[in-house]
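One structure is given here, and the rest of the page talks about it.
Source: prediction; values computed, not measured.
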Amino acid sequence: MMTVAVPPRNKLLASLPAEDFRRLSPKLEAVPLKARRILHHAKLPIEHVYFVEDGLVSVVANTDGDNHGVEAWLIGCEGMAGITVILGAESSPHRRVVQAEGSALRLRTPDLLDAVNEMPALRGILLRYVHGILVQASQSGACNARHSLPQRLARWLLMAQDRLNRSDLPLTHDILSKMLGVRRASVTEAVHVLARADAICAGERGHIHVLDRGKLEGLACGCYFTIRAEFDRFTTPPEAVSSPKAAGERAEQPSAIGLEDVP
């Protein structure tokens, strides 16, 4: 078992009043997140929740049997795996899978529910996070239906970089294809589109490097900015939040060539 860091690196816990975190911290267990580990299996009781401190966890919806699925939403240091338990659900039809290794603070579900009842600040923080997830999932669904694969890939890479806080993303084309619900060959083509624009480069196997975040934002659709703005509203000081108007203006700027190269 690892040591619980103070202050926590998870943004939800870091938003708690110091006294509330002090009361909660003895029940938190620091655990490693290994790539491909399943934190929650579909339809089984959620016994622990995970406040991610480093790494990426995908919530995967099955679409065609147990071995096929598409990402419903993404979790990093801004969030928690298992949020459905605060809405009264003991299980979920979705599974939570670690896509990039890291670490988390694990908490027993009964302890979380007790804390939510005893700490109004924690309850408010988690309910606002639920709102952010609803926006992410619904906007991602609309994005998948309307935007090209390079735009969708740019959005996903930006969201991954936000949650990992680094430019070197430990992601294979196979992982990206599963998360975006497309063929691996299509992901490879979309990566080449973004690479030709000098926004990213595919380094050694299993890694994608963000070379120019500004260019990558220009290649993404406005869905990324809509999702980011909602999370920014409860994870950063008001003066640091990009306004929706500014995000929309940026999203409407002409993108680099090649976004329609891959359907």
Side-chain angles (χ1 to χ4, degrees), residues 1-2 4 8-16 20-21 23-138 140-141 159 163 175 178-179 231 234-235:
M1 187 172 64
M2 302 157 59
V4 176
R9 290 175 292 165
N10 177 271
K11 292 184 179 181
L12 297 177
L13 295 179
S15 299
L16 275 176
D20 284 352
F21 181 71
R23 292 168 57 195
L24 187 64
S25 59
K27 298 178 180 179
L28 295 169
E29 177 188 5
V31 296
L33 297 179
K34 300 295 184 182
R36 296 183 295 279
R37 176 185 175 187
I38 299 178
L39 301 181
H40 301 139
H41 288 271
K43 302 179 182 179
L44 293 182
I46 297 174
E47 297 179 350
H48 296 86
V49 299
Y50 295 79
F51 291 92
V52 179
E53 296 220 297
D54 184 36
L56 291 176
V57 176
S58 288
V59 179
V60 180
N62 290 338
T63 57
D64 187 21
D66 290 339
N67 295 323
H68 297 84
V70 177
E71 182 180 81
W73 66 85
L74 184 66
I75 306 168
C77 63
E78 88 302 335
M80 184 190 88
I83 191 65
T84 52
V85 298
I86 75 162
L87 302 177
E90 296 180 354
S91 62
S92 168
H94 304 145
R95 66 184 186 274
R96 279 80 176 164
V97 184
V98 178
Q99 301 297 352
E101 67 178 25
S103 61
L105 297 178
R106 185 170 68 179
L107 181 66
R108 292 176 62 252
T109 296
D111 290 335
L112 174 71
L113 296 179
D114 287 344
V116 165
N117 289 329
E118 296 169 3
M119 304 176 188
L122 177 62
R123 181 169 61 250
I125 288 167
L126 294 183
L127 288 176
R128 288 193 295 274
Y129 176 59
V130 170
H131 167 71
I133 287 174
L134 290 174
V135 171
Q136 181 184 162
S138 59
S140 296
M159 291 172 59
R163 286 153 179 77
I175 287 176
K178 291 177 181 177
M179 294 305 94
F231 280 101
F234 63 84
T235 59

Side chain proximity check, Leu33 to Val57, heavy atoms < 4.5 angstrom:
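SC-SC contact between Leu33 and Val57 confirmed.
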
Answer yes or no: is there a side-chain heavy-atom contact under 4.5 Å between Leu107 and Leu24?
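A side-chain contact exists here, since the closest heavy-atom pair is under 4.5 Å.
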
[X] side, atom [atom1]; [Y] side, atom [atom2] - distance, nearest 0.5 Å:
X      : Y      : atom1 : atom2 : result
Glu71  : Lys178 : CD    : NZ    : 13.0 Å
Ile133 : Ser140 : CD1   : OG    : 11.5 Å
Glu90  : Ile46  : CD    : CD1   : 9.5 Å
Arg96  : His41  : CZ    : NE2   : 12.0 Å
Leu13  : Met80  : CG    : CE    : 9.5 Å
Met119 : Asp20  : CE    : CG    : 5.0 Å

One pair to check against side chain to side chain contact (heavy atoms under 4.5 Å, CB included): Val49 and Ile83. What are the steps and the verdict?
CA-CA 7 Å; Val49 299; Ile83 191 65; over 6 Å; no

Do NZ/NE/NH1/NH2 and the carboxylate oxygens of Lys11 and Glu78 come within less than 4.0 Å?
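No, this pair does not count.
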
Is Arg37 paired with Glu101 through a side-chain N to carboxylate O contact shorter than 4.0 Å?
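Looking at Arg37 together with Glu101, the answer is no, because their closest N to O distance does not fall below 4.0 Å.
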
Between Arg9 and Ser103, a side-chain donor and acceptor under 3.5 Å:
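The criterion, which ignores hydrogens and geometry beyond distance, is satisfied for Ser103 and Arg9.
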
Nearest heavy-atom pair of Thr84 and Ser92: which atoms, and what distance?
OG1-CB, 4.4 Å

Would you please name every residue forming a side chain to side chain donor-acceptor pair (under 3.5 Å) with Arg123, sequence neighbours left out?
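Result, side chain to side chain donor-acceptor pair (under 3.5 Å) vs Arg123: none returned.
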
Intermediate values then yes/no, side chain to side chain contact (heavy atoms under 4.5 Å, CB included), Arg106 and Glu29:
CA-CA 5 Å; Arg106 185 170 68 179; Glu29 177 188 5; 2.8 Å; yes

Row check, Phe231 ring normal vs Arg128 NZ/CZ: under 6.0 Å, within 45°:
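No, a cation-pi geometry is absent between Arg128 and Phe231.
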
